[in-house]
Amino acid sequence: MESGFEEKDFLACCGSTKFAKEMALAAPFASLEQAVAAATDIWFNKVDVSAWLQAFSAHPQIGDSAPSSQSHHQTTSAQWSKGEQSTALATATGSSLQELSEWNARYRQKFGFIFIICASGRSTDEILAELKNRYPNRPIVEFEIAAQEQMKVTELRLKKLFTSKAKVSSTSDQYPAVFAKKVEDRVNIIGGHLTANSENTSGKTSEVRTRTRPPITTHVLDVSRGSPAAGIEVFLEKWEGTQPHPSFGVTYTSGWKILGSSTTDNDGRSGQLLSIVDAVDPGIYRISFNTGKYCPSGFFPYVSIVFEIRESQKREHFHVPLLLSPFSFSTYRGS
């Protein structure tokens with residue numbers, strides 16, 4: 001598909017007006033990958049220092065609420081900021097927020113701008129530790145690091161932008177049927193991991209039932225802590241390349257199309273990655289977990305699981321749980 005985004009949409013992804021104008025001029029983009037490549041080039045090669053500072057100032061300080069605003073891009077950016085800081089806020093205590101506030105003030109006094117970090121999936125303690133680690137940097141070094149972190153945020157928001165576009169483009173021939181259901185058909189999937197044995201009882205003729213949960217779900221458990229893994233970014237993609245299917249050992253610059261993204265909640269569940277439909281499109285799918293942010297000292301920077309749904313399976317439910325520890329992971333097909 002080609003993106004139909006406007007300057008205000010790109011301004012929600014990055015608070016620099018110069019960046020947003022350059023992105024609007026470069027649009028439309030045939031894919032998310034093309035948009036990210038253009039954004040990276042614009043951010044590091046075409047905008048000036050003032051644009052970087054403007055983008056930094058558009059963020060709420062880590063641990064603070066976003067300023068109230070009425071414009072489209074500010075409202076969208078504020079909502080995204082809230083989601084990106086959800087793990088930090090969920091893991092914060094009164095004392096840790098106070099310490100974070102004090103270090104934020106010290107940082108701003110030294111460098112002249114707020115502490116910028118891609119906070120998605122990071123706890124308050126992790127953010128505070130990174131702030132203290134970066135504080136001794138020389139200003140020129142820290143300015144470059146902040147710009148790199150801003151680009152991470154921008155890329156994450158571009159993915160959200162393209163995902164939102166996909167969800168409302170239900171009439172497009174280039175999108176799977178999973179987006180054809182209306183928003184009001186969606187239901188809460190907290191009970192999404194209940195077994196579905198009754199859907200296909202041995203010795204009985206299977207009945208076609210209306211789904212009450214999306215056809216593809218996932219759940220991440222941290223076996224090293226013995227608890228659900230909260231705050232892990234999850235992306236679901238479908239193979240739409242020119243080849244019938246991706247091949248092992250081949251690097252593809254295009255072909256995968258993102259269908260949905262989310263962040264695991266306190267129960268380790270990723271939320272609704274797809275709309276609820278009676279039949280899912282047959283094809284090859286990929287679920288990717290940003291395990292590197294969840295466990296920076298771990299062995300895996302990210303984990304991707306590729307699986308195929310056949311024509312005969314399109315009414316089944318596919319549950320792909322991930323059992324994670326710092327140096328290993330395992331998965332299995334759930335009901």
Any salt bridge between R138 and E142, counting N to O under 4.0 Å? no
Lys/Arg-Asp/Glu bridge criterion (N-O < 4.0 Å) met for K132, E99: yes
Just checking F5 against F162, ring centres under 6.0 Å apart? yes
Charged N to carboxylate O below 4.0 Å: is that the case for E240 and K257? no
Are T154 and Q150 linked by a side-chain donor-acceptor pair shorter than 3.5 Å? yes
According to the interplanar angle, ranging from 0 to 90°, do the rings of H317 and H319 count as parallel (below 30°), tilted (30 to 60°) or perpendicular (above 60°)? parallel
Among residues at least two apart in sequence or on other chains, which ones pass ring pair (Phe, Tyr, Trp, His ring centres under 6.0 Å) with Y107? F111, F113, F115
Will you find, in the side chains of T17 and Q54, an N or O donor that is under 3.5 Å from an N or O acceptor? yes
Ionic contact status for D41 with K46, cut-off 4.0 Å: yes
Is it true that atom CG of L25 has more than 12 heavy atoms of other residues, nucleotides or ligands lying nearer than 6.0 Å? yes
Can any side-chain N or O of R286 pair as donor or acceptor with the backbone N or O of F307 at less than 3.5 Å? no
I'd like to know if K152 and E155 make a salt bridge, using a cut-off of under 4.0 Å between side-chain N and carboxylate O. no
